[in-house]
Each structure stands twice: as structure tokens, then as C-alpha cells.
Protein chains: 2
Amino acid sequence: MNSKSSPGAASARQRRRLGVEIKDSLRELSNQLSLLNHQVGGHLGLKDVDFDCLDVIVRHGPLTPSALARHAGLHPATVTGILDRLQRGGWVVRERDPEAADRRAVTVRALPERQSEVYGLFRGMNSAMDELCDGYSEDELRLLARFLKDTAQAGRTAADALAGE
Amino acid sequence: MNSKSSPGAASARQRRRLGVEIKDSLRELSNQLSLLNHQVGGHLGLKDVDFDCLDVIVRHGPLTPSALARHAGLHPATVTGILDRLQRGGWVVRERDPEAADRRAVTVRALPERQSEVYGLFRGMNSAMDELCDGYSEDELRLLARFLKDTAQAGRTAADALAGE
DNA sequence: TCCATATGATATGAGAACCATAGCAGAGAG
DNA sequence: CTCTCTGCTATGGTTCTCATATCATATGGA
């Protein structure tokens with residue numbers, strides 16, 4: 001009797017192994033990018049939590065302190081302090097819209113002209129990514145872009161789920 | 001005269017566009033995973049910096065406080081406090097090796113039995129990744145695993161470069 | 001229309017964290 | 001043997017976090 005697994009079984013096992021490898025690599029990537037962000041923030045005088053919140057504001061677009069607190073899983077009073085620091089550092093501005101439906105609300109907007117400083121510090125990483133991307137075909141690049149977007153969305157969903165517990 | 005670019009030029013432009021998209025998606029992924037880590041850490045009573053350092057210790061294997069400080073871009077005194085908290089919480093142990101070459105050195109080792117708690121909180125994310133991976137072929141999964149590893153390495157290199165400045 | 005409750009944002013202050021500096025023990029070079 | 005350096009931790013001043021309170025505004029129900 002042939003004790004070898006069928007090709008299908010071998011493939012399924014290999015796919016599971018690759019899945020584990022991908023998740024593990026994602027953890028490693030998350031850790032390394034966190035440390036890189038810490039270094040970048042250090043050069044800009046930004047604490048880790050300030051850097052993360054600035055990133056949320058830049059990527060999401062203007063939002064209220066309450067929305068930022070919920071998004072980042074922080075206490076509103078903590079966010080007030082963070083925004084104080086970011087505003088003092090010239091990274092964001094707080095604005096009130098007199099015509100807004102809710103006149104209590106403040107909108108926090110990132111100052112786009114400062115982002116070039118952040119970008120400059122990510123130069124090394126971005127150059128390395130360009131070289132890495134050069135080794136892939138156009139179809140492969142599309143696949144990678146899709147995967148990263150879907151994974152980011154999965155992270156968002158997982159974070160929201162934990163926030164609700 | 002036909003003003004359309006040659007197919008090669010169009011492809012190069014498309015590749016550049018995809019490269020920008022990949023880098024942008026990587027920033028978004030980094031931000032989302034940072035927020036997810038914050039939620040996971042919150043459930044475990046771990047501060048963001050404690051969580052990141054624990055991750056370094058788990059992934060890297062036992063290392064000294066000095067090595068951890070350098071790796072994480074933190075002051076040695078800060079690391080002492082972080083290790084105090086991680087030890088108190090039962091996540092790591094500090095050990096001295098009487099036979100070590102340098103008897104001043106301490107080795108910090110993660111307690112593997114606690115990692116299941118962390119893993120449990122990443123369940124949602126990991127399930128989503130499994131579903132995501134199901135949509136890829138074996139060759140594509142290999143490509144993704146390779147890309148994530150190479151990107152993590154690029155992040156490590158970029159962080160080290162900024163640490164040296 | 002009025003009132004009670006809820007919410008947005010910030011102020012306050014207690015407790016915790018960060019890190020510059022110091023101290024102690026150990027290591028290394030001359 | 002001595003001087004300097006390093007690993008790790010202790011100390012204390014400064015900064016940060018957040019529970020609570022406050023004020024202004026919003027909302028829903030009677």
C-alpha cells in the first residue's frame with residue numbers, strides 16, 4: 001500500500017504551512033515597522049502615540065477628537081493632550097466650523113506641508129521598497145497592492161472587534 | 001503624428017503607479033496593525049511600548065537589556081522599567097548565567113506559555129488572514145510570504161540606519 | 001416650551017512612565 | 001595595577017495618561 005499522501009493532501013498541507021508563514025511574517029513586519037516608526041518619530045520629536053495619531057489624521061482626513069479617540073482606542077482626555085502637542089508642533093490645526101450642525105465639535109486637520117519631513121525620513125525604506133518592487137511583474141505588483149489593502153482592512157476590522165469587547 | 005507613448009513607457013508608468021500604491025498601502029497597513037496592537041495590548045494590560053518589546057523578545061529569542069534597548073531605540077533606564085513591568089506581569093524572566101563570559105549580563109527570556117493569550121486576541125485577525133489566503137494559489141502565497149519577509153528586513157535596515165544618524 | 005439626560009472638548013490632579021544622571025559591579029586595555 | 005568603559009539598575013524631575021469634573025451644546029420626551 002502506498003503510504004504517501006495524495007497530491008491534493010500534500011498541497012493543502014503546503015498551503016496551510018504557507019498561511020502560517022504569511023501570518024508570522026506579518027507579525028514580524030508589524031514589529032519592524034513599529035520600530036521604524038519609533039525612529040522616525042524620534043527624529044521629528046514625536047512620541048509613538050503622537051506619530052500614530054498624526055498618521056490616522058493624515059490618512060483619514062480631518063476628523064473630530066472624539067472620532068480620533070474611538071479610532072485609536074484612547075481616552076478623550078488623552079487625545080486632548082496629544083492634539084495639544086501636535087498643534088504646538090505645527091503638525092495639525094484645530095478648527096471650529098460656525099456653520100456646523102454641532103457647534104461643540106472641533107475638526108482636526110493635518111498640515112500637509114509638514115508631511116515632506118515625514119516622507120524624507122522614510123526615504124531609506126521607500127528606496128528599498130522601490131528596489132524590491134523592481135523584481136516583480138506588473139501583475140504581481142497588483143496582487144501585492146491588493147493583498148496589503150485587504151490585510152489593512154482585516155486589521156481595522158479586528159481592532160474594531162476588540163474595541164467592542 | 002501619434003502622440004501615444006510606447007507600450008514600454010506606459011508599462012513603466014503603470015509600474016511606478018503600482019509602486020506608489022504599494023508603499024501607501026504599507027503605511028496604511030502599518031497604521032492599522034499599530035492600532036490593532038494597541039487594542040490587543042489593552043486587553044492584556046500591556047502598554048504599547050511593553051507590547052512592542054515583548055514582541056521583539058518573543059521573535060528574536062532571549063536577549064540582554066542593552067541589546068533590547070538598542071534594537072527598540074530606547075534608553076537603557078527605560079528598558080529597565082519596561083522589563084520590570086513585563087516580569088511583574090509574568091511575561092518574561094530575567095536570568096543571569098553564572099558561566100557567561102560577562103557576569104554583569106542579564107538575559108531576558110519570554111515565557112512561551114503566556115503567548116497563547118496573545119494569540120487568542122489575534123484570532124479575529126488570523127481568521128481573516130486565513131480567508132484572505134484561501135483566495136491565492138500556492139505560488140502566490142509563496143510570493144506574498146517572500147515579499148513580507150523582504151519588506152520586514154527593509155524596515156529593520158531603515159530603522160537601523162535612522163538609529164545611526 | 002421646558003426639563004432631564006447625553007455628548008464634545010477640555011481642565012485638573014493623582015498616579016505612572018520616561019530618561020538624564022549617578023552608582024555599583026564587572027570588563028578591557030595599556 | 002590603574003584607568004576607562006560598559007551593563008544594569010536606582011533616583012528624581014519632568015512629562016504623560018486618564019478618571020473625574022466642568023462648561024457648552026445637543027437631543028428626546030413630556
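For the numbers below, each heavy atom of this structure counts, side chains included, while hydrogens, waters and symmetry mates do not. The structure displayed is predicted, hence computed values, not measured ones. In the text below, chain A, chain B and the rest are named by the order of the sequence lines, each starting its count at 1.
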With the side chain counted from C-beta on, respond yes when D50(A) and W91(A) share a heavy-atom pair under 4.5 Å apart, and no when they do not. no
Looking at R94(A), I'd like to know whether one of its side-chain N or O atoms comes within less than 4.0 Å of OP1 or OP2 on dA9(C). no
Hey, is R94(B) close enough to D84(B) for a salt bridge, meaning N to O under 4.0 Å? yes
Which whole-number value in Å describes the distance from D50(B) CG to dA17(C) P? 8 Å
Whole angstrom is fine here: how far is it from NZ in K47(A) over to P in dT17(D)? 8 Å
Residues in salt bridge (Lys or Arg N to Asp or Glu O under 4.0 Å) contact with E131(A), at least two apart in sequence or another chain: none
Just checking P76(A): base, sugar-phosphate only, or nothing, at a heavy-atom cut-off of under 4.0 Å? base
Starting at CG of L74(B) and ending at C1' of dG7(D), how long is that distance when rounded to a whole Å? 16 Å
D139(B): what forms a salt bridge (Lys or Arg N to Asp or Glu O under 4.0 Å) with it, not counting sequence neighbours? R142(B)
Atom-pair distance (CZ on R85(B); P on dC19(C)), nearest Å: 11 Å
Whole angstrom is fine here: how far is it from CG in D102(A) over to P in dC23(D)? 19 Å
Contact under 4.0 Å: R103(A) side-chain N or O vs dA26(D) OP1/OP2: yes
Base, sugar-phosphate alone, or nothing: which one does S66(A) contact when heavy atoms must sit under 4.0 Å apart? sugar-phosphate
Using whole Å, report how far CD1 of I82(A) lies from C1' of dA9(C). 14 Å
OP1 or OP2 of dG26(C) under 4.0 Å from side-chain N/O of R96(B): no
Verify the contact: side-chain N or O of T80(A) to OP1 or OP2 of dA9(C), cut-off strictly under 4.0 Å; return yes or no. no
Take atom CZ of R88(A) and atom C1' of dT10(C), then tell me their distance rounded to the nearest Å. 14 Å
Hey, does V49(A) reach any base, or is it just sugar-phosphate, or nothing, if we go heavy atoms under 4.0 Å? sugar-phosphate
Select base, sugar-phosphate, or nothing to describe what A105(B) touches, counting heavy atoms under 4.0 Å on all strands. sugar-phosphate
Atom-to-atom span, NE2 of H75(A) to P of dT10(C) - whole angstrom: 14 Å
Any carboxylate oxygen within less than 4.0 angstrom of a Lys/Arg side-chain nitrogen, looking at E28(B) and K149(A)? no
